[in-house]
Amino acid sequence: MVLLLATALPSAAQDPSAALRSEMVRSQLAARGIEDQVTLRAMAEVPRHLFVPPSYRARAYEDGPLPIGHGQTISQPYIVAIMTELADPGPGRRILEIGTGSGYQAAVLAATGAEVFTVEIIPELAESAGKRLTELGYAKVRVRQADGYFGWAEQAPFDAILVTAAAEFIPPPLLEQLAEGGRMIIPVGSPFLVQTLMLVEKRRGKVTTRSLFPVRFVPFRRQS
Ligand code: SAH
């Protein structure tokens, strides 16, 4: 596995951040049980340092979330990786993300070949993430500024839906927009107390939910 990854990576001589990323993949992701090669390769490829403000660039590959402005954060690499792995992304898969933020999670999904749709409620973040994704070669990611509570009905159904802000309950429109056999990964709970990452699956029209582990996300907001 190590050899396979090494050949898939650009050499550290061409790109010094590549070495930081392969170390992140080894020590933060593979070591904690992320096994999906598609996910690990995407995490090794996407330049996380270009998704954080310049003043945080040196800390981009640290094991934690970082501020991205407007009171929001880019998630810890491990959280991005586990949500990606659970979404089972790849070519031909249509994935909706709610909470574009910096655009990093969307870029990781796009790097797997998946078709990515992402919704952000804060206009400035939607705009800057859209620009960044285009500049970095992820122009196929579709970014929309809206309240993600309503999903993206025109593009539904989705094989996977990732919500990257903590909601107090699962928004019904998102459940409706999940394809048969689809999966939603969503942190549910009070913004200031405990939140749980939930895996929601739809099989033969029936919805099942499973609690995975406690997490801490920024609150899911509503358009006022
Ligand atoms: N996935 C992001 C991190 C997102 S932080 C990344 O990779 O950088 C959570 C984001 O969800 C914030 O940008 C916040 O503005 C956004 N958000 C919160 N409530 C939302 C809603 N109802 N609809 C869409 N976006 C929302």
Side-chain angles (χ1 to χ4, degrees), residues 21 24 28-29 39 42-43 45-53 56-57 59-62 64-87 89 95-112 114 116-133 135-136 138 141-153 155 158 160-175 177 184-192 195 197 215-224:
R21 278 195 296 283
M24 170 188 83
Q28 298 177 36
L29 311 183
T39 298
M43 295 290 296
E45 185 184 303
V46 178
R48 180 170 164 97
H49 60 293
L50 301 181
F51 289 82
V52 301
Y56 285 103
R57 240 164 234 174
R59 298 180 51 192
Y61 297 100
E62 285 180 8
L66 288 172
I68 54 169
H70 303 273
Q72 307 304 319
T73 56
I74 180 174
S75 302
Q76 177 190 17
Y78 174 71
I79 294 291
V80 174
I82 198 155
M83 290 180 81
T84 303
E85 183 171 66
L86 288 166
I95 305 187
L96 174 69
E97 178 197 28
I98 305 300
T100 315
S102 67
Y104 177 66
Q105 172 76 74
V108 170
L109 293 167
T112 71
V116 183
F117 301 84
T118 180
V119 181
E120 169 58 51
I121 199 166
I122 299 179
E124 292 86 345
L125 286 177
E127 199 193 326
S128 56
K131 263 198 204 134
R132 178 179 298 118
L133 287 163
E135 279 165 16
L136 296 177
Y138 304 99
V141 173
R142 306 266 306 269
V143 184
R144 175 191 227 183
Q145 190 273 315
D147 182 350
Y149 180 91
F150 301 104
W152 195 327
Q155 298 291 349
F158 300 99
I161 300 179
L162 267 61
V163 182
T164 67
E168 302 209 23
F169 57 92
I170 300 168
L174 298 184
L175 274 180
Q177 292 172 27
M184 177 171 4
I185 302 100
I186 177 170
V188 178
S190 154
F192 306 106
Q195 303 160 5
L197 195 64
V215 284
R216 227 180 130 149
F217 278 81
V218 295
F220 193 89
R221 303 151 53 123
R222 300 302 315 278
Q223 204 110 61
S224 48

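Counting convention: from 1, in listed order, for ligands and their atoms alike.
A 4.5 Å side-chain heavy-atom check between M184 and Q177 finds every atom pair outside the cut-off.
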Per-pair distances, 0.1 Å, donor-acceptor, side chain in residues 96-106, under 3.5 Å, sequence neighbours excluded:
from : atom 1 : to   : atom 2 : distance (Å)
E97  : OE1    : T118 : OG1    : 2.7
T100 : OG1    : T118 : OG1    : 2.7
T100 : OG1    : V119 : O      : 3.4
T100 : OG1    : E120 : N      : 3.4
S102 : OG     : Y104 : N      : 3.1
Q105 : NE2    : T84  : OG1    : 2.9

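For Y149, there are no ring-ring contact (aromatic ring centres under 6.0 Å, His included) partners, not counting sequence neighbours. Contacts of F220 classified as ring-ring contact (aromatic ring centres under 6.0 Å, His included), with partners at least two apart in sequence or in another chain: none.
In this model, no donor atom of one side chain and acceptor atom of the other lie less than 3.5 Å apart for R48 and Y61.
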Give one line per pair: atom of ligand 1, protein atom, distance. Only N/O to N/O under 3.5 Å.
from     : atom 1 : to   : atom 2 : distance (Å)
ligand 1 : 1 (N)  : E97  : OE2    : 2.9
ligand 1 : 1 (N)  : G99  : O      : 3.0
ligand 1 : 1 (N)  : T164 : OG1    : 3.2
ligand 1 : 7 (O)  : Q105 : N      : 3.0
ligand 1 : 8 (O)  : S102 : N      : 3.0
ligand 1 : 8 (O)  : S102 : OG     : 2.6
ligand 1 : 13 (O) : E120 : OE1    : 2.7
ligand 1 : 13 (O) : E120 : OE2    : 3.3
ligand 1 : 15 (O) : E120 : OE2    : 2.6
ligand 1 : 19 (N) : R221 : N      : 2.8
ligand 1 : 22 (N) : D147 : OD1    : 2.9
ligand 1 : 22 (N) : R221 : O      : 2.6
ligand 1 : 23 (N) : G148 : N      : 2.7
ligand 1 : 25 (N) : I121 : N      : 3.2

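Within a 6.0 Å radius of CZ in R144, other residues, nucleotides and ligands contribute more than 12 heavy atoms.
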